[in-house]
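Got a structure here, written out as C-alpha cells. Questions coming.
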Amino acid sequence: MKKQQLQETVDYLKSNGIDNPEIGIVLGTGLGQLIQEVTIEKEIPYTDIPNFPVATVEFHSGKLVYGELSGKKVLVMSGRFHFYEGYNFWEVTYGIRTMHGLGISTLLVSNAAGAINLSYKKGDLMLLDDHLNLQGGSPLAFKGANEFGNIFVDMLAPYDKDLNARMKAIAKQNDIQLHEGIYASVVGPQLETRAEYRMLQILEVDAVGMSTVPEIITANQIGLQCLAVSVLTDECDPKNLQPVDIEDIIAIAGKTEPKMITLFKELLKEL
Ligand code: HPA
C-alpha cells in the first residue's frame, strides 16, 4: 500500500514535468534563499501533490522546486516535515522517498542547529560526519519497510566520505570556515534543558537539532549518497544558558545561509 501511494506521488510529479532530477536538496528552518539561485522550471506546492504530507509550520513555505543550479538538475524541498509537527516517520521521510523515485542519486540536506561544542559559534557551519538518533524511533520500523530496501542498513558512513572530503576542500578554497562533527537529533519542539545540554556534551555531540537524522537513515536504505550541513544558530552552554527564541534562530539561519549556498553551488559543479 505504501509503495502504491508513493508511486502515485511519483507518477503525478513526472507527469507534471519533473524529469530526471540528479540531486535532491532539503532546506532547513530559515534556509530558503537558495531557491533564488535556482533557474526554476517547476514549482509545486506540497498541497498540490497527491499523498504528500502538508507543511503545517507557517515559516515553511512548503513547495517542491525543480530546476537548474550550477548546471545540474536539482529538486529542492523548501520546507521539510518534522516529527514534532505530529507527522509519523513515514511522513517525515516521504519527500526523500519521492525524490528517490524521481531519480535523484545524491541528497544534500541542511538544518538549523544549536552548538553543543562550545568552540563552535553561532553563524558557523558544520558538516555532519556522524549522528546520534535521539528521536526514539526509526523511519525503517514499519510493516513492509523491507520492500524499499534492506532495513538492517549499515550506518558505518551515513554521510558520504567522498562528498565530505570535496566539501571540505571547497570550504577551504572559498575561505569559509566549516567545522565537522556529530549531530544529535531530538524530537523537540521545546529546546533542551541545561541537564539535556550537559548530557549532549557528555555524549560528545557537536550540534543538536530536530531533523535530518530520519531523512538520512531513509536515504541510506535506498542507496542515496548523502551530505548534510548544519547552520549553527545558537550556543548551548549549560553553564550560561541564554533564552533563545525561534525568531532569532530563523534570523541567524538566514544571515548565515549565503555561506552554505556558496558551498552547495560549488559542490554541485563538481558532481
Ligand atoms: N536545540 C537547540 N538549539 C537549536 C536547536 C535545537 O534543537 N535547533 C536550532 N537551534
Side-chain angles (χ1 to χ4, degrees), residues 25-34 55-61 77-87 89 92-93 108-137 139 158-159 177-217 228-261 263:
I25 301 177
V26 180
L27 296 180
T29 300
L31 304 169
Q33 300 163 72
L34 180 128
T56 52
V57 178
E58 77 283 359
F59 47 79
H60 287 162
S61 44
M77 285 185 69
S78 179
R80 62 142 62 85
F81 306 100
H82 298 91
F83 192 68
Y84 69 71
E85 294 171 281
Y87 298 111
F89 285 116
V92 166
T93 56
L108 310 182
V109 176
S110 60
N111 61 56
I116 297 294
N117 181 332
L118 296 176
S119 65
Y120 298 176
K121 301 299 170 201
K122 67 173 158 186
D124 287 354
L125 298 174
M126 187 188 93
L127 185 63
L128 276 65
D129 170 49
D130 207 346
H131 69 224
L132 277 186
N133 179 12
L134 299 180
Q135 295 206 343
Y159 304 89
Q177 188 182 30
L178 180 65
H179 305 296
E180 194 177 18
I182 299 173
Y183 172 91
S185 186
V186 295
V187 172
Q190 74 286 351
L191 296 173
E192 290 69 40
T193 62
R194 284 169 294 143
E196 286 163 342
Y197 284 134
R198 257 195 322 271
M199 173 190 79
L200 292 169
Q201 284 180 334
I202 293 165
L203 295 175
E204 300 193 352
V205 162
D206 296 296
V208 61
M210 304 170 192
S211 68
T212 304
V213 168
E215 291 146 321
I216 295 295
I217 293 171
V229 171
S230 288
V231 172
L232 303 177
T233 54
D234 51 293
E235 294 160 21
C236 309
D237 181 357
K239 293 205 175 91
N240 180 30
L241 197 56
Q242 303 300 317
V244 280
D245 128 12
I246 185 73
E247 300 301 331
D248 287 344
I249 286 179
I250 293 171
I252 304 273
K255 247 200 240 167
T256 311
E257 188 183 358
K259 291 193 282 186
M260 186 198 87
I261 293 175
L263 295 182

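We count residues from 1, following the sequence as given. Just follow the structure's listing: the first ligand is 1, and inside any ligand the first atom is 1.
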Query raised in the report: Are Ser211 and Tyr183 close enough that some pair of their side-chain heavy atoms sits under 4.5 Å apart?
Result: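 A side-chain contact exists here, since the closest heavy-atom pair is under 4.5 Å.
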List the atom pairs, donor and acceptor, that lie under 3.5 Å between side-chain atoms in residues 111-118 and the rest of the protein, sequence neighbours left out.
{"from": "Asn111", "atom 1": "OD1", "to": "Ser230", "atom 2": "OG", "distance (Å)": "2.7"}
{"from": "Asn111", "atom 1": "ND2", "to": "Thr212", "atom 2": "OG1", "distance (Å)": "2.8"}
{"from": "Asn117", "atom 1": "OD1", "to": "Ser119", "atom 2": "N", "distance (Å)": "2.9"}
{"from": "Asn117", "atom 1": "OD1", "to": "Ser119", "atom 2": "OG", "distance (Å)": "2.7"}
{"from": "Asn117", "atom 1": "ND2", "to": "Asp206", "atom 2": "OD1", "distance (Å)": "3.0"}

Query raised in the report: Is there a donor-acceptor pair under 3.5 Å between the side chain of Gln135 and the backbone N or O of Val186?
Result: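 Yes, because the side chain of Gln135 sits within donor-acceptor range (under 3.5 Å) of the backbone of Val186.
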Report task. Could I get the full list of salt bridge (Lys or Arg N to Asp or Glu O under 4.0 Å) partners for Glu204, not counting sequence neighbours? Result ->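 Salt bridge (Lys or Arg N to Asp or Glu O under 4.0 Å) check on Glu204 returns nothing, list empty.
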Query raised in the report: In terms of ring plane angle, is the pair Tyr159 and His131 parallel, tilted or perpendicular, where the classes change at 30° and 60°?
Result: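 Ring orientation, 0 to 90° scale: perpendicular.
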Table of N or O contacts for ligand 1, cutoff 3.5 Å:
{"from": "ligand 1", "atom 1": "1 (N)", "to": "Glu192", "atom 2": "OE1", "distance (Å)": "2.6"}
{"from": "ligand 1", "atom 1": "3 (N)", "to": "Asp234", "atom 2": "OD1", "distance (Å)": "3.3"}
{"from": "ligand 1", "atom 1": "3 (N)", "to": "Asp234", "atom 2": "OD2", "distance (Å)": "2.9"}
{"from": "ligand 1", "atom 1": "10 (N)", "to": "Gly114", "atom 2": "N", "distance (Å)": "3.3"}
{"from": "ligand 1", "atom 1": "10 (N)", "to": "Thr233", "atom 2": "OG1", "distance (Å)": "3.3"}
{"from": "ligand 1", "atom 1": "10 (N)", "to": "Asp234", "atom 2": "OD1", "distance (Å)": "2.6"}

Query raised in the report: With sequence neighbours left out, what residues match Met260 under side chain to side chain contact (heavy atoms under 4.5 Å, CB included)?
Result: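 Per chain and number, Met260 pairs via side chain to side chain contact (heavy atoms under 4.5 Å, CB included) with Leu27, Leu31, Ser110, Leu125, Val229, Val231, Glu257, Phe264.
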